[in-house]
*Asks:* 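This structure is in structure tokens; I'll ask about it shortly.
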Amino acid sequence: MIYQYNFGGRNVNQFPGGGLGCLLFAILLIVGGYYLLQGLYYLLLWAAPALLVLAAVINWRVFPDTIKSWLESMKSNPVSGLISLALAILVFPFFSLYIFLKALGYRKMEQLRKEFGTQEGYTRAEEEYVDFEEIESKPKSTPRMNDGTMDDER
């Protein structure tokens, strides 16, 4: 049984204006998103050189790592590698923001690695293996079968 609730004479699941109202809302959402992305693009276009310089200052390893991952994608799937290169060129301001955020992430990971590495007192490279002794295991008793005989007696 499906219950339909009416508040004020209108169904709760109905969008105001019906299908036309939903279409107008979708169009307004797409147009607003376009202008929002356009404004962000122009803002990042002006900030892109500064973001790249800051990324190089924070952690310069992001540039060789990004190139290395792109070359690996070119080896495994050349089409997707070329598409990613074309997107990086076309949306360069967003790519520079990506590089900057990646440098910040690398720096945070290094800080966490140092914090937790010194907290434990050793690093993973300095671990020593622990001596162990292999013990032979035997079952305590042999289970009885349904007819009362042992499993070994059959």
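None of these values were measured; they are calculated from a predicted model. This chain uses plain numbering: 1 for the first residue, then up along the sequence.
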*Asks:* Looking at Tyr41, I'd like to know if its OH atom is crowded, meaning that more than 12 non-hydrogen atoms belonging to other residues, nucleotides or ligands lie closer than 6.0 Å.
*Replies:* yes
*Asks:* Please name the pair of heavy atoms, one in Ala55 and one in Ala103, separated by the smallest distance, quoted to 0.1 Å.
*Replies:* O-CB, 3.8 Å
*Asks:* Hey, are the side chains of Lys108 and Gln111 touching, using non-hydrogen atoms and a 4.5 Å cut-off?
*Replies:* yes
*Asks:* Under 4.5 Å between side-chain heavy atoms, hopping through other hydrophobics if needed: is there a path connecting Val31 to Tyr34?
*Replies:* yes
*Asks:* Atom CG in Leu24, atom CG in Leu29: separation rounded to 0.5 Å?
*Replies:* 12.5 Å
*Asks:* Considering only distance and modelled atom types, tabulate donor-acceptor pairs under 3.5 Å from the side chains of residues 82-89, sequence neighbours left out.
*Replies:*
unit_1	atom_1	unit_2	atom_2	d
Ser84	OG	Ser80	O	3.3
Ser84	OG	Gly81	O	2.8

*Asks:* Would you indicate whether the side-chain heavy atoms of Ile58 and Leu104 approach each other to under 4.5 Å?
*Replies:* yes
*Asks:* Going from CG on Leu97 to CG on Leu52, what distance comes out if it is rounded to the nearest 0.5 angstrom?
*Replies:* 10.0 Å
*Asks:* Could you grab the distance from atom CZ of Phe94 to atom CG of Leu101, nearest 0.5 Å is fine?
*Replies:* 12.0 Å
*Asks:* As an exercise, state the distance from OH of Tyr98 to CZ of Phe95, rounded to the nearest 0.5 Å.
*Replies:* 7.0 Å
*Asks:* With the 4.5 Å side-chain cut-off for hydrophobic clustering, are Val91 and Leu51 part of the same group?
*Replies:* yes
*Asks:* Enumerate donor-acceptor pairs with a distance under 3.5 Å from any side-chain N or O in residues 61-68 to protein atoms, sequence neighbours excluded.
*Replies:*
unit_1	atom_1	unit_2	atom_2	d
Asp65	OD2	Tyr106	OH	3.1
Thr66	OG1	Val62	O	2.6
Thr66	OG1	Lys102	NZ	3.2

